[in-house]
Amino acid sequence: MPVAPELPLGMTSFEDLRESGAVYVDKTALIARFVTVTSRAPVLLTRPRRFGKSLLLSTIKSFFTHGIRYFKGLKLENWWQQLPQSKQRALCGRTVLHLDFSLIDYDDSGSFQSSFTTMIKMALKESAPDFHENGEMSAKDLLQTFLVSCAPSSVVLLIDEYDAPISHFLDRPHELWRSRQVLDNFYRMLKARSDRLQFFFLTGVLRTARTEVFSGFNNVKDLSLKGDYATLLGFTSDELHAYFDAHINKAAIRLSVSSDEIYAGLRHNYEGFRFTPESKETLYAPWSVLSFLDEPGSGFANYWFQSGGLSNTLNLNAFFARNCQLDVSRINNQRVVHAGELDGGVVLKFDNQKETIVPDFDPTLLLFQAGYYTIKDAERLPGHQNNKNQQNRQNLQYQQYLQNQQNQQNQQNQQYQQTSRIILGLSNEEIISSVKECVRQSLSRALTVEKKNEIGHIKECLLTGDLDGIANIFECYLNSWIYDNDTIKSENACRGLIATWLTAAGFEVASEFHCAGGAGGSCDLLLTMAEEGVRYAFEFKLLRESDDPEIMLNQALCQLAGRDYGKVPPACCELRRVAVVVGLDGRNIERMARLVRLDVGP
């Protein structure tokens, strides 16, 4: 068996990686396409966390600083050798400032501003040691002073995690407003001094309304949905075989299985990411694949959630508040959006009088940007043709090729936005389990230790038919929903929250499950424990002030009895039909009346 080279797990320095001889999945042909962009407008790429954005920036930094010194044997070297020497000299030997916004202190807006300034100082000290600041300056003034001292088109600016201030201050409107003032001045200054910039590249997770973040820049070149860059980050199936075959064979020996079984496990757990409608190539999550290959004895673990979950992407309480009928039992259902909607992002709602900013977002699109939802299919509506430019690229002059490529991309993007329907769904098994665990942990924050221990007995209560125990645990579930003194105001939200908890606990749950035959209708909640041979059909009723609990309970029981709720394969399951009446006063969720009865007949 050939010796497997070192895995690049956790390596974010391109030059260190190359010197170590670790595996480098060569994406440099794609990098060569955009590092020669002549416009000074920012170039933006958004991808989920742990997809290699930091390594990408380090690669770009090495190229602009040292040319092809660390690119020997890579595709970019061949591209470089075909450039005229004048073009080579114009590209390399630049001053490169690399800023990582995730390293800023976000305790409050004051520490943010101080930490932001310190970061600029450190970047200048590393990349421009001959530059000396004149007294105490803000981050904006410090960088502006430096840029003024530079020759035109001599500086490359790279910003990693540009959206970190938004995600960190998502639930702190005043701090977000103050940090945005700092960044607004920063970006306006960069616009004014853009003649000093040769290249300006940003990465992040969230996509925002550009005028609200990039201020003075009229045109941000967003690569995020461009088909040509669909595979820039993440591993393709071909790359997995080309670069990691030796490691996969090693993992197969360790686990006493075939290499085909390892590939199948990787596909099931870590593959499925598709970021653009144009490309049908699905990608593997790099961090998860590398983590598994590094320690195959741990099995196909959930490395996505272990390395951060949703913690730095969105505030889950805010997420639930804006989508309070979210039902995780149905989150694996596919969503349909129009292609133009994918370009949407976080909208910042300003209130300058109160000095606050409240982010607004579509939960489905936010989960797409964060990597939870992915493109499953793109349906082109009938009556439109996709007129691709079939010119032979090899016969085009360099600048003509770039212009034709841009024109073709713009045409395709416009056509997709107007004529396509996008189907979104969860990416893979790792993502499904991560959503469940994120929800479980988020909702658990509102519960006492005693209540957390109590809900741990849900399986025992379901198996024994302990209705009092089930009722107590359902009440714990309902009391976990607390956001700005809000309450559950609908039967759908009540059922959805309980279904979310049960799904997060690992049960097979279906909401509004349509039962064919008999009087038909949809069962509010169907819970199946196939191995144990038990199935529950729940019917929920939500009390209003004028309702009689006993009458509502009888209505639910009659509904269960008169329809074939729960009568689905496998028929060997013992069917238990339960009517649940939940009482709310509209304000205090803890003022709840519970009446539960069991109909044991099939």
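In Gln81, the CD atom is crowded: over 12 heavy atoms of neighbouring residues, nucleotides or ligands sit closer than 6.0 Å.
Rounding to the nearest 0.5 Å places NZ of Lys226 at 8.0 Å from NZ of Lys221. Atom-to-atom distance recorded for Ser167:OG and Tyr106:OH is 7.0 Å, nearest 0.5 angstrom. A distance of 11.0 Å separates CZ of Phe101 from CG of Leu103, quoted to the nearest 0.5 Å. With rounding to the nearest 0.5 Å, the separation of CD1 in Ile423 from CD1 in Ile375 is 10.5 Å. Separation of atoms CG (Leu232) and OG1 (Thr276) is listed at 11.5 Å; rounding is to 0.5 Å. Between Lys250 atom NZ and Leu293 atom CG the span is 10.0 Å, to the nearest 0.5 Å.
Less than 6.0 angstrom separates the ring centroid of Phe186 from the ring centroid of Phe116.
There is no side-chain donor-acceptor pair under 3.5 Å between Asn269 and Tyr284. No side-chain donor from either of Thr95 and Ser127 sits under 3.5 Å from a side-chain acceptor of the other. Counted by atom type alone, Ser258 and Asp260 present zero donor-acceptor pairs between their side chains at under 3.5 Å. A donor-acceptor contact under 3.5 angstrom links the side chains of Asn302 and Ser434, judged on distance only. Counted by atom type alone, Thr231 and Glu281 present zero donor-acceptor pairs between their side chains at under 3.5 Å. Counted by atom type alone, Asp238 and Thr236 present zero donor-acceptor pairs between their side chains at under 3.5 Å. A donor and an acceptor atom, one from each side chain of Glu161 and Thr203, are nowhere located under 3.5 Å apart.
Classified by interplanar angle (parallel below 30°, tilted 30° to 60°, perpendicular above 60°), the ring pair Trp79/Phe63 is tilted. Using cut-offs of 30° and 60° for the angle between ring planes, the Phe275 and Phe51 rings count as perpendicular.
In terms of the salt bridge (charged side-chain N to carboxylate O under 4.0 Å, His left out) criterion, Lys376 has no residue partners (sequence neighbours excluded). Residues forming a ring-ring contact (aromatic ring centres under 6.0 Å, His included) with Phe244 (at least two apart in sequence, or on another chain): Phe235. For Glu239, the salt bridge (charged side-chain N to carboxylate O under 4.0 Å, His left out) test picks out Lys27, with sequence neighbours left out. With sequence neighbours left out, Glu261 forms a salt bridge (charged side-chain N to carboxylate O under 4.0 Å, His left out) with no residue at all. For the ring-ring contact (aromatic ring centres under 6.0 Å, His included) test, no residue two or more places apart in sequence or in another chain qualifies with Tyr243. With sequence neighbours left out, Phe71 forms a ring-ring contact (aromatic ring centres under 6.0 Å, His included) with Phe14.
A cation-pi arrangement, defined by a distance under 6.0 Å to the six-membered ring centre and an angle within 45 degrees of its axis, is present between Arg49 and Trp304.
Between the side chain of Glu271 and the main chain of Leu266, no donor-acceptor pair closer than 3.5 Å is present.
Between Asp160 and Lys53 there is no salt bridge, since none of the side-chain N atoms of the basic residue sits less than 4.0 Å from a carboxylate O of the acidic one.
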Should Glu77 and Arg18 be marked as a salt bridge (charged side-chain N to carboxylate O under 4.0 Å, His left out) after you check the CA-CA gap, both sets of side-chain angles, and the distance that decides it?
CA-CA 14 Å; Glu77 181 186 27; Arg18 296 292 288 166; over 6 Å; no
